[in-house]
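Chain letters run A, B, ... following the sequence lines, proteins first and then strands; every chain starts at 1. For clarity, every value in this text was computed on a predicted model and none was experimentally measured.
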There are 2 protein chains.
Amino acid sequence: MGRPAKFNREQLKAAALALVDEQGLASLSMRTLAAALGTGAMTLYNYVETRQDLEILVVEAVMADVRWPKAMPGDWREEVRVIATALWHAVRSHPQVIPLILTRRSRTPAVFGAAEALLRALARSGRAGHELLVAFRAVSALLIGMAQAELAGPLTLQAGESAEETVARFRALPQETYPRLIDIATVATESSAEAEFHATLDLLIEGLAAERAPARGRRQRGSKAVSADRMQARR
Amino acid sequence: MGRPAKFNREQLKAAALALVDEQGLASLSMRTLAAALGTGAMTLYNYVETRQDLEILVVEAVMADVRWPKAMPGDWREEVRVIATALWHAVRSHPQVIPLILTRRSRTPAVFGAAEALLRALARSGRAGHELLVAFRAVSALLIGMAQAELAGPLTLQAGESAEETVARFRALPQETYPRLIDIATVATESSAEAEFHATLDLLIEGLAAERAPARGRRQRGSKAVSADRMQARR
DNA sequence: ACCTGAACACCGTTCAAGT
DNA sequence: ACCTGAACACCGTTCAAGT
């Protein structure tokens, strides 16, 4: 007894991310990761509860290097922009992991830290309680949604498809039924994910600024007494 | 030769969706679906190319029943709201399929039709070309992102966790480091996905309305000549 | 405490043989 | 043309035996 550990979670994390980055998500399995570490599959279970647990580890590895300046320039809009962009860049630098990011959830200091920073920035717009939650959800959703668009957007290239082929695919649709869709598909091939992300984020931030209507009350902070009156069934 | 087909894609589609709805996504396999149809696994390959193909079929099944009124009430904002909400409801009514929706892409008339309708509504805000693309991306991303939030949101309940347990989990975090995160976690347990979706959508629509700045030129329609000047590297 | 091979109950898919 | 069983090369994970 008292046998010294051969590995640790940090090593698995790094090896798993490297494997996914280099060989793709499909290449990750308990057996392949073990082989990459020079051991048997069962050894991994000393560090990881299940395969899902391993996948969460990979997501954590990606989110771990989100960095943003703590001293913030300018107003809250710029602060929101910087933090959201930092998160987006972290996700984008490991495109193979995106399906896991969409699908697994990591509860790690890196993510919590970014969330808290984002909340702090959004709170500077004058929001608290449910309004702050909504603002946070909106920015998060946009981020995740734009990451997903990169993976499988209806207008982006398919795997191994050229821009010309994509346009051709859309042009093959009935022109009278989908005029705007066909048009936009053409535009999309000349656009960049980076530009689109910033433009959509600006759109949302514009909304956050516009809706910061002064006289609406209900601005107490740290309260659980946020009323639910405006919350129900809008249509 | 000339042997009559025992099934068709439509039947597989319906059976697969029913299986996922009732038994969960993990229960879907070529073998289980075949068994549900009373045949062997290999028979399915007469209708479906691969397992991925089958998964896309399931996504199509979900998107197939998106419905929205063709005659639109009120202004373009209301129109955007109605279409986005219709899409969101379709997704939400099959929560087990969400991971597939996030991860696979369906190119089906139902989805194209909804996209075209959304584009038409957004175009009424005075957008065309790249601006229209951005508006479309933003609404789509918000939709997808809010669907994902339901699956794995950092503030929502974990599987089989009560609201109290969620709050407790967040309260266990260091209060000085994550004051707003802890606060918002409490607020989230009293909120509803429906209310949050509508609120975030309104936020974005507000931004779409605010950014509809008049004198900015470049409004030609159906053109591929949308310039890329404002598109590059914002920061 | 940690390591690990054998084994089990699954997968998706190829192949070859049927009608 | 469509059907289908056998087989192959994988999975994640349990178990039991090791140190």
ask   = Where each pair must be Watson-Crick or G-U wobble with both distances under 3.5 Å, what dot-bracket representation of DNA chain D is obtained, with crossing pairs in [ ] and other-strand partners as |?
value = ||.|||||...|||||.||
task = Check whether any side-chain N or O of B:Lys6 sits under 4.0 Å from OP1 or OP2 of D:dT4, and answer yes or no.
result = yes
key: Results of side-chain contact (heavy atoms from CB on, under 4.5 Å) for B:Leu12 - residues two or more places apart only   = B:Phe7, B:Leu37, B:Leu44, B:Tyr47, B:Val48, B:Leu57
key: Set of residues satisfying ring-ring contact (aromatic ring centres under 6.0 Å, His included) with respect to B:Trp88, sequence neighbours excluded   = B:Phe197
inquiry  = If the test is side chain to side chain contact (heavy atoms under 4.5 Å, CB included), which one of B:Val97, B:Val91, B:Ile98 qualifies with B:His94?
reply    = B:Val97
request  = Strictly below 4.0 Å, heavy-atom distances to any atom of DNA chain D: list the hits from residues 44-53 of chain B, or just say none.
outcome  = B:Asn46, B:Tyr47
task = Enumerate the residue pairs fulfilling salt bridge (Lys or Arg N to Asp or Glu O under 4.0 Å) with a member in residues 10-26 of chain B, sequence neighbours excluded, ordered by first and then second residue.
result = B:Glu10-B:Lys13, B:Lys13-B:Glu60
inquiry  = Output the rounded distance in Å from CE (B:Met42) to C1' (C:dA17).
reply    = 13 Å
request  = Name all pairs fulfilling the side-chain hydrogen bond (donor to acceptor under 3.5 Å, both in side chains) condition that reach into residues 34-43 of chain B, sequence neighbours left out, sorted by first residue then second.
outcome  = B:Thr39-B:Thr43
request  = Please list, chain by chain and in numerical order, all residues satisfying salt bridge (charged side-chain N to carboxylate O under 4.0 Å, His left out) with A:Arg9, sequence neighbours excluded.
outcome  = A:Asp53
ask   = Quick one: side-chain contact (heavy atoms from CB on, under 4.5 Å) partners of A:Ala64, sequence neighbours excluded?
value = none
key: Spatial distance of atom NE2 (B:His130) from atom OG (A:Ser192) [nearest 0.5 Å]   = 7.0 Å
A:Glu116 side chain to B:Arg180 backbone, donor-acceptor under 3.5 Å = yes
ask   = Got a sec? Which of residues 9-20 of chain B come in under 4.0 Å of DNA chain C, heavy atoms?
value = none
ask   = Can you name the residues that form a side chain to side chain donor-acceptor pair (under 3.5 Å) with B:Glu55, not counting sequence neighbours?
value = B:Arg51, B:Arg104
ask   = Which residue, A:Thr177, A:Ile182, A:Leu173, forms the side chain to side chain contact (heavy atoms under 4.5 Å, CB included) with B:Phe112?
value = A:Leu173
request  = Take the protein atom CG of B:Asn8 and the nucleotide atom P of D:dC2, then report the distance between them rounded to whole Å.
outcome  = 11 Å
task = Please collect all salt bridge (Lys or Arg N to Asp or Glu O under 4.0 Å) contacts where either partner lies in residues 83-92 of chain B, sequence neighbours excluded, each pair once.
result = B:Arg92-B:Glu150, B:Arg92-B:Glu194
ask   = Please give, in whole Å, the distance from D:dC3 P to B:Phe7 CZ?
value = 7 Å
message = Once rounded to the nearest 0.5 Å, what's the spacing between atom CG of A:Asp183 and atom CZ of A:Arg171?
response = 8.0 Å
ask   = Is there a residue in residues 22-38 of chain A whose heavy atoms reach under 4.0 Å of DNA chain D, and which residues are they?
value = A:Ser29, A:Met30, A:Arg31, A:Thr32
task = State whether B:Thr43 places a side-chain N or O below 4.0 Å from either non-bridging phosphate oxygen (OP1 or OP2) of D:dC3.
result = no
